[in-house]
Number of protein chains: 2
Amino acid sequence: MAMSSTNFKHDLFTQFARVGKALGNGNRLELMEFLAQGERSVEELSKVAGLTVANTSQHLQQLRLTGLVTSRKEGLKVYYNLSGNDVITLLDALRQVAERHLSDVERLVNTYLTVKDSLEPIPRVELLARVRNGLVTVLDVRPPEEYAAGHVPGAINIPLQELEQRLGELGEEQEIVAYCRGPHCVLAFDAVARLREKGLRARRLEDGYPEWKTAGLPVEGKPTGS
Amino acid sequence: MAMSSTNFKHDLFTQFARVGKALGNGNRLELMEFLAQGERSVEELSKVAGLTVANTSQHLQQLRLTGLVTSRKEGLKVYYNLSGNDVITLLDALRQVAERHLSDVERLVNTYLTVKDSLEPIPRVELLARVRNGLVTVLDVRPPEEYAAGHVPGAINIPLQELEQRLGELGEEQEIVAYCRGPHCVLAFDAVARLREKGLRARRLEDGYPEWKTAGLPVEGKPTGS
DNA sequence: ATTGTATTCAAGTGATTAGTTGATTAATAG
DNA sequence: CTATTAATCAACTAATCACTTGAATACAAT
């Protein structure tokens, strides 16, 4: 009794570490990354992550106990959601550190994607210039409703599930730039990977549609004020 | 062979999780928090964290493997350092999420510190006003060199190690506001805890000296341009 | 009530992790 | 060369974690 300051500090770090631990599993990160797109049920989550429902539920509860996600019951289903923007910030920071400092990440990207910087996102301004010159095919992988509400000019809308069937709609030669809701949207990431598998040249747009719009760049779809 | 996109995603998340795992231990977090103040040797680190040297070394190597810290050998000693500002950003995000979402953290703070908001940092502007009115004693817990280079006007410089001996220099009645290098500096945090133990009223300055200075508030010490 | 569906709980297994201890490797000084 | 110091390595134990399996809730429809 006199080291209570040390104890306090220790306990506090232990609490912080609980959050860290929650981030220490790839499946949980994938679940959260998916939740960053919006509310999902346990079943949906288990499917995209390729886990059993029970396992998914356990991961989600772990996340809930550390305050990273919240849940809401509606009828039979339980819907989970990220518990705030600070969680997205945290995931972003984690991703950034990993990409910058883990050489394995770089190696992975290089191994799986033939062209070295194919995963490097294309900046908004650059895309705009190329769109104007007709140099790229812009691919919007969001659900049709969102596409209808507004999209990058000239973008083709193909939800991820339909991508494989509708490959024909994309030019074989031109570079494709995929985007969805934001930098955390796995859809665009996934789309790029699949397109590359088919031998097409594809990259992601840096960020997503919301950022494009708030940056004041032109949009098509329902008029929104400009 | 056809699900390589899934494999890729999985592997990538596994890599991200490595960074998360590194954050999943209180001792490692404490080590990094300490490193946020600057370069330290293994021995120093083991002391402040209260770990054996071997154990500290193992933790540090784990952090190095995930790219969170770097090391540099000079003579007999090995000095560790955070590997970039993005790591500080990450730690910040982690702390924020934990403080906001983990009710245990709040409870901890309430339990250990008698006055509920004693750990709540005092904003810069508020401090400035109180300093002018002579209502607070400002305590600078940084090393003397840094104090000499510039400090909050009227601040007393007592490095943490000397705090217990030099308690007399601080008024018994007045509230004390401690600060050091930045929001991550454990020194101020620690100083507040120790002072409270002695029955003094103490709080931390929001952020630290660099922020104070860049906010354009007055400083004492070597003239820096204003 | 009975059936079906979505989720959670409980128990168990193999793998990973944190920490200890004692030996080992480097750099420096006498 | 020998001794000393700082750090790392290697081997081990207890604790924790990820995942599986099968049972148990909770809600909705019939």
Side-chain angles (χ1 to χ4, degrees), chain A residues 6-7 9-11 13-32 34-35 39-66 68-81 104, chain B residues 6 9-11 13-35 39-66 68-81 104:
Chain A
T6 307
N7 277 341
K9 219 169 55 176
H10 177 263
D11 291 354
F13 280 119
T14 304
Q15 291 305 316
F16 291 162
R18 282 180 56 203
V19 180
K21 277 211 185 83
L23 302 174
N25 176 282
N27 288 327
R28 279 194 295 271
L29 290 179
E30 186 165 2
L31 289 172
M32 283 194 282
F34 197 62
L35 283 176
E39 205 173 53
R40 306 286 151 152
S41 70
V42 179
E43 204 187 7
E44 282 178 287
L45 286 161
S46 77
K47 243 171 224 157
V48 299
L51 304 173
T52 64
V53 177
N55 194 8
T56 305
S57 172
Q58 278 156 351
H59 279 306
L60 289 168
Q61 270 162 86
Q62 216 166 132
L63 291 174
R64 201 185 43 202
L65 279 174
T66 51
L68 290 165
V69 307
T70 57
S71 65
R72 171 178 81 78
K73 184 153 192 173
E74 188 182 310
L76 273 179
K77 299 194 175 180
V78 176
Y79 292 96
Y80 281 85
N81 211 331
D104 287 339
Chain B
T6 306
K9 216 168 58 175
H10 177 264
D11 290 356
F13 280 119
T14 304
Q15 289 305 316
F16 291 163
R18 282 181 55 204
V19 180
K21 276 210 185 85
L23 302 175
N25 176 281
N27 288 326
R28 279 195 295 271
L29 290 179
E30 185 165 3
L31 290 172
M32 283 194 283
E33 199 89 1
F34 197 62
L35 283 176
E39 204 173 54
R40 306 285 151 154
S41 70
V42 179
E43 204 187 7
E44 282 179 287
L45 287 161
S46 76
K47 244 172 224 156
V48 298
L51 304 173
T52 64
V53 177
N55 193 7
T56 306
S57 172
Q58 278 155 352
H59 279 306
L60 288 168
Q61 271 161 84
Q62 217 166 128
L63 291 173
R64 202 186 44 203
L65 279 174
T66 52
L68 290 165
V69 307
T70 56
S71 65
R72 170 178 81 79
K73 183 155 191 173
E74 188 182 309
L76 272 179
K77 301 196 172 177
V78 176
Y79 292 96
Y80 281 85
N81 212 329
D104 287 339

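Just so it is clear: chains get the letters A, B, ... in the order the sequence lines come, proteins before strands, and each one is counted from 1.
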So which one's nearest nucleotide on DNA chain C is more toward 5', Arg28(B) or Gln58(A)?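 The answer here is Gln58(A).
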So which one's nearest nucleotide on DNA chain C is more toward 5', Ser57(A) or Leu76(A)?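 The answer here is Leu76(A).
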Between [X] and [N], does any side-chain N or O lie under 4.0 Å from OP1 or OP2?
{"X": "Gln62(B)", "N": "dA18(C)", "result": "yes"}
{"X": "Tyr80(A)", "N": "dA6(C)", "result": "no"}
{"X": "Asn55(A)", "N": "dT20(D)", "result": "yes"}
{"X": "His59(A)", "N": "dC19(D)", "result": "yes"}

How long is the line joining [atom1] of [X] and [atom2] of [N], in whole Å?
{"X": "Leu31(A)", "N": "dA18(D)", "atom1": "CG", "atom2": "P", "value": "12 Å"}
{"X": "Glu43(A)", "N": "dT8(C)", "atom1": "CD", "atom2": "P", "value": "12 Å"}
{"X": "Leu51(A)", "N": "dT8(C)", "atom1": "CG", "atom2": "C1'", "value": "16 Å"}
{"X": "Asn25(A)", "N": "dT16(D)", "atom1": "CG", "atom2": "C1'", "value": "13 Å"}
{"X": "Leu60(B)", "N": "dA6(D)", "atom1": "CG", "atom2": "P", "value": "16 Å"}
{"X": "Lys77(A)", "N": "dA28(D)", "atom1": "NZ", "atom2": "P", "value": "13 Å"}
{"X": "Leu65(A)", "N": "dC17(D)", "atom1": "CG", "atom2": "C1'", "value": "15 Å"}
{"X": "Arg72(B)", "N": "dA26(C)", "atom1": "CZ", "atom2": "P", "value": "20 Å"}

Mind listing the closest non-hydrogen atom pair of [X] and [Y] along with its distance?
{"X": "Gly26(B)", "Y": "Ala17(A)", "result": "N-CB, 3.3 Å"}
{"X": "Val69(A)", "Y": "Arg64(A)", "result": "O-CG, 3.4 Å"}
{"X": "Leu35(B)", "Y": "Tyr80(B)", "result": "CD2-O, 3.4 Å"}

Could you check whether Gln62(B) and Thr66(B), counting side-chain N and O atoms only, form a donor-acceptor pair closer than 3.5 Å?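 Not at all, the side chains of Thr66(B) and Gln62(B) share no donor-acceptor pair under 3.5 Å.
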Nucleotide of [options] approaching [X] most closely (side-chain heavy atoms):
{"X": "Val53(B)", "options": "dC9(D), dT8(C), dA7(D)", "answer": "dA7(D)"}
{"X": "Lys21(A)", "options": "dT21(D), dC17(D), dA6(D)", "answer": "dC17(D)"}
{"X": "Gln61(A)", "options": "dC9(C), dA6(D), dT8(D)", "answer": "dC9(C)"}
{"X": "Asn27(A)", "options": "dC19(D), dA6(C), dT8(D)", "answer": "dC19(D)"}

Assign [X] to base, sugar-phosphate, or nothing according to its heavy-atom contacts below 4.0 angstrom with the strands shown.
{"X": "Tyr79(B)", "value": "nothing"}
{"X": "Glu74(A)", "value": "nothing"}
{"X": "Thr56(B)", "value": "nothing"}

Taking side chain as C-beta onward, heavy atoms only, is Leu63(B) less than 4.5 Å from Arg28(B)? yes
Mapping Arg64(B) and Gly75(A) to their closest nucleotides on DNA chain D, which lands nearer the 5' end?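 Nearest-nucleotide comparison on DNA chain D picks Arg64(B).
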Want to settle it: does Lys73(A) or Ser41(B) sit nearer the 5' end of DNA chain D, counting the closest nucleotide to each? Ser41(B)
Donor-acceptor pair, distance only, cut-off 3.5 Å: does the side chain of Arg72(B) make one with the backbone of Asn81(B)?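 Side chain of Arg72(B) to backbone of Asn81(B): no pair is present.
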